[in-house]
Amino acid sequence: MLEVVDLECVRGDRKLFTQLSFSLSGGELLYLYGQNGSGKTTLMRAICGLLQPTEGEIRWEGESIRELSDEYTREVVYIGHKNGIKDDLTALENLRILSTLDGVHMSEDQAWDALDRIGLRGFEDLPTQVLSQGQKRRVALARLLAHQAKFWILDEPFTALDKAAVSLLQQVIRDHLDSGGMVMLTTHQEVKLTEGQVKQLQLGGGGQADV
Amino acid sequence: MSSRIVNWFKFSSPATFYPLAGRMIPWFTAAAVILLGVGLYMSFFVAPTDYKQGEGYRIIFVHVGTAWMSMFIYVVMAAWAGLGLVFNTRVSAMMATALAPTGAMFTFVALWTGALWGKPMWGTWWVWDARLTSELILLFLYLGFIALQSAIDEPRRADRAGAILALVGVVNIPIIYYSVQWWNTLHQGATVSVSQGSSMGTVMLWTMLIMTLGFWAYAIAVVLARVRCIILERERDTTWVNELEGGVR
Amino acid sequence: MSAAEFFAMGGYGFYVWGSFGVTLLLMVVEPMLLKGRRRAIQKRIARMARAKVGER
Amino acid sequence: MFETFLAIVRRDLILAMRRRSDMLTILFFFVIVVSLFPLGIGPEMNTLRLIAPGVVWVAALLASMLALERLFAIDYADGALEQMLLAPQPLSLLVLGKVAAHWLVTGLPLVLMAPVLGIQYDLSLDGLRVLVITLLLGTPALSLIGAIGAALTLGLRGGGVLVSLLVLPLTIPVLIFGAGAVEATISGLGGEGHMSMLAAILVLSLFFAPLAAAAALRVSVE
């Protein structure tokens, strides 16, 4: 269960948002929208602990995420604009090293299977340098298949993905939500997500959260 | 106990610290002028001529004072920086940024006066003496701090990156000093180091102390003035700054 | 001690006045630079305030 | 926990192997800088023998500074560094892993090349032995202290030069004890004292540098 209380973030000397409060519990999806520069990415980076907010408190299961630190990051996976993929490594190596970092032990064939399900059959052992932007994105998203983290923070996960990948990712998100997981994402495409619990949070331009 | 903590934090907000600093500057400036005045008078008219080094030794009243200040300011800077990092109070971080240029100035002056003192005594402008060499390295540490902070645009990151560098630096100063000491004795044996000079009479000690206090008061006045500038620069689009400065013109 | 003797400083005049002179010089220059910096930021704030007034 | 440490070291070594040229450029820089001094100072063997420890050590210092640029920059650019920050393992351990791999790729070659350059300066056998030992103790310390500078100047324009300005003053003790040990051995005084100090500095930086570098990374990635 995530609670955010009176959060305020400043970028340079611009106050992106202030007095922002909302909460998110198991099985819920938080859809974050707002024009460019409204602080969506900054909010996500603050929530996952990469960025220290100037004001306010972020609590996970009632405890501040700064105290929890490692326990909290174990529960979170953050995929930002930058994929975190090393161009010189193959998709397989990238996936296994990222999983080890997540604390998930992934065997060789589990990795093959994950890459297969994400639609990268035949590209598994090529250096990711030769893959297209969409394929690199898929490698980054393949982590989600093997990851036990409860809380997914995805910054525009659908960019550069083709139709098939978008629907596949939607299904993966639905399964995660159904199994009690939590997802917070931003996207510019009009994507129909789940019928269930979808919370909306608008940033920028009268950014009072209507959650 | 809690009331004292509360008011400490009250001062840590720029809006309350700015006028307070403004009120203190005149007092410290006055103290500096008086102390330095007395110190200078004593340096030239009260302190006796040194039997060995003649009048040239009087440089010691400036050299030792500024060298001591350069070390002291770096430690104070690291302390403020550490406070700013731990308590996330912006004014302490600004104090560290404000201290650095004055510290660097004192370090340069210490090197300058050291060289001018070395020339008549040992015939060379620069002596690889342990203290002078450590002073030179201290200047590099100051320049590194200032360069790092000016290379980072985001004020918060500049404060915290500078704080880490200052803390790492302050931990390294004793190690650097010790290794330079070791290096100096190994290579040159016991040459006359700059600071030994003639034995310290009480009058000279007093003169040096007064001069140092004068430098100290000067440093506080200048640093407070600089921190006020930094506060204005960083808080320029806040309401309290506009009310304060906006109506001036 | 006549003025000339005083300035000669027993032959060390150049070094003594070189040290004291530069020290005091820098202790005058630094505050002056600060005053310039303060005036610059005040002017900038005033200009921004005027621009804001102009906008409204 | 230790498994992630090994995973980071293995990953960085694989990456270095795939870009072998980076590793060699650092080594060539070291060799070229050392070989320049005789051209500047003259071929006189006595003077060269005298300045050999200092020259090799300063060149090793500069080569290490040069190599720092790559330590975090690439991971920062492609987002891998963010994932390391978000990994549930202690960041200082991951930093130690990266520095270990970085040393294996850039520091160790310097140590292996040093005897060859020592011969170029006609160093005695004892001198060469101590030179290798001091570099073996010193170059990891340089990488560790350098990691703090690299983390602080992440993503800054002109970061490469700035790292050297920040880090070189902090590496002076390593230089003094490293070069001093070799010189003391050659002059018969015995370099044990220096080497024990160098080892002490290495242990200190092994413990404190990753903590400081991790804190610096958190500040820089924000």
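Throughout, protein chains are lettered first and strands after them, A, B, ... in sequence-line order, and every chain is numbered starting at 1.
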Subject >> Closest-packed option against chain D by number of heavy-atom pairs under 4.5 Å, given A:I85, A:V77, A:L89 >> reply: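 Among the listed options, the one with the most contacts to chain D is A:L89.
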
Original post:
Between A:R96, A:Q52, A:K86, which residue shows the highest count of heavy-atom pairs closer than 4.5 Å to chain D?
Top reply: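 Option with the greatest count: A:K86.
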
**OP:** Report yes if some heavy atom in the side chain of D:Q83 is under 4.5 Å from a heavy atom in the side chain of A:R143; otherwise report no.
**Re:**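 The answer is yes, as the side chains (C-beta and beyond) meet within the 4.5 Å cut-off.
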
Side chain from CB out, backbone as N, CA, C, O: work out which of these in [X] comes under 4.5 Å of a heavy atom of chain D, or both, or neither.
{"X": "A:E71", "value": "neither"}
{"X": "A:R45", "value": "side chain"}
{"X": "A:I97", "value": "side chain"}
{"X": "A:D88", "value": "both"}
{"X": "A:H81", "value": "neither"}

Toward chain A: residues of [range] with heavy atoms under 4.5 Å:
{"range": "residues 207-216 of chain D", "result": "none"}
{"range": "residues 5-16 of chain D", "result": "D:A7, D:I8, D:R11, D:I14, D:L15"}
{"range": "residues 144-173 of chain D", "result": "none"}
{"range": "residues 55-78 of chain D", "result": "D:I74, D:D75, D:Y76, D:A77, D:D78"}

Original post:
What distance do D:R18 atom CZ and A:D87 atom CG have between them, rounded to the nearest 0.5 Å?
Top reply: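 Output value for this atom pair is 12.0 Å.
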
Original post:
Nearest 0.5 Å, what's the CG-CZ distance between A:L51 and D:R218?
Top reply: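 Atom-to-atom, A:L51:CG and D:R218:CZ are 12.5 Å apart.
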
Subject >> Minimum heavy-atom distance between A:L101 and D:M84, given as atom pair plus value >> reply: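 Taking every non-hydrogen atom into account, CD1-CG, 4.0 Å.
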
Original post:
Short question: side chain of D:E82, backbone of A:L50 - any donor-acceptor pair under 3.5 Å?
Top reply: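 No; judged by distance alone, with no hydrogens or angles, the pair does not exist.
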
**OP:** Name the option with the most non-hydrogen atom pairs under 4.5 Å to chain A; the candidates are D:L86, D:T4, D:L91.
**Re:**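 Greatest number of close heavy-atom pairs with chain A: D:L86.
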
